[in-house]
Amino acid sequence: MPHHENPELDAIYSRITAIEQRMESRFDTGSDRMGRIEQMLAENSASTEEVREIVVMGKSFFKVLGHLGNGIKWSVSVGAAIAGIWYSTKEWWAK
């Protein structure tokens with residue numbers, strides 16, 4: 001701290017220096033906090049991506065299951081029609 005002939009200038013310089021130190025301390029604290037927030041955001045983004053992948057896989061699974069269900073439904077309908085025709089003709093031929 002320079003010493004001036006004017007003590008008022010020394011007092012002003014001291015106050016400015018104290019303000020600078022507090023500002024640097026706050027910037028350091030803010031920078032540390034920002035780093036923690038960025039780390040938490042990265043972890044949250046990774047978790048969100050995993051959940052999204054699970055949801056997409058589940059959606060695809062149920063879509064395939066729906067197609068299988070439609071195929072089974074169609075097969076059962078055709079099978080029932082064939083069984084009905086077979087049963088009808090069996091009774092008719094038996095007479």
Side-chain angles (χ1 to χ4, degrees):
M1 170 168 103
H3 293 284
H4 299 290
E5 294 177 10
N6 187 341
E8 289 179 17
L9 288 178
D10 285 341
I12 291 171
Y13 181 79
S14 295
R15 287 191 299 242
I16 290 172
T17 302
I19 290 170
E20 285 177 342
Q21 290 171 349
R22 285 194 308 258
M23 287 175 60
E24 285 180 22
S25 174
R26 286 187 181 199
F27 285 141
D28 290 343
T29 301
S31 181
D32 292 343
R33 182 173 181 256
M34 184 63 72
R36 289 190 308 271
I37 290 171
E38 288 173 345
Q39 178 63 33
M40 290 170 45
L41 183 58
E43 292 170 3
N44 187 15
S45 294
S47 297
T48 302
E49 181 62 26
E50 288 177 20
V51 169
R52 190 188 73 76
E53 288 174 5
I54 290 169
V55 169
V56 167
M57 285 189 303
K59 185 177 176 183
S60 299
F61 171 75
F62 284 112
K63 191 173 188 177
V64 169
L65 201 59
H67 290 303
L68 288 174
N70 285 337
I72 291 170
K73 182 172 51 174
W74 183 83
S75 298
V76 168
S77 298
V78 170
I82 291 172
I85 292 170
W86 178 75
Y87 183 74
S88 297
T89 57
K90 179 181 168 188
E91 291 295 318
W92 183 71
W93 285 103
K95 293 183 183 182

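Small disclaimer: the values here were computed from a predicted structure and weren't measured.
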Exercise. Distance-only, no hydrogens or angles: does the S25 side chain make a donor-acceptor pair with backbone N or O of Q21 under 3.5 Å?
Worked result: no
For this session: Answer yes if L65 and V56 sit in the same cluster of Ile, Leu, Val, Met, Phe, Trp and Tyr residues linked by side chain heavy atoms under 4.5 Å apart, and no otherwise.
Result: no
For this session: Please say whether more than 12 non-hydrogen atoms of neighbouring residues, nucleotides or ligands are located less than 6.0 Å from CD in E8.
Result: no
For this session: Identify, with sequence neighbours excluded, every residue that meets salt bridge (Lys or Arg N to Asp or Glu O under 4.0 Å) alongside R26.
Result: none
Pairs under 3.5 angstrom only: tabulate donor-acceptor contacts from the side chains of residues 69-78 to other protein residues two or more places apart or in another chain.
residue: S75; atom: OG; partner: G71; partner atom: O; Å: 2.9
residue: S77; atom: OG; partner: K73; partner atom: O; Å: 3.0

Exercise. Between atom CD1 of I16 and atom CD of E20, what is the distance when rounded to the nearest 0.5 Å?
Worked result: 7.0 Å
Scan the side chains in residues 34-45 for donor-acceptor partners under 3.5 Å anywhere in the protein, sequence neighbours excluded, and list what turns up.
residue: Q39; atom: NE2; partner: E43; partner atom: OE2; Å: 3.0
residue: N44; atom: OD1; partner: T48; partner atom: OG1; Å: 3.4
residue: S45; atom: OG; partner: L41; partner atom: O; Å: 2.9

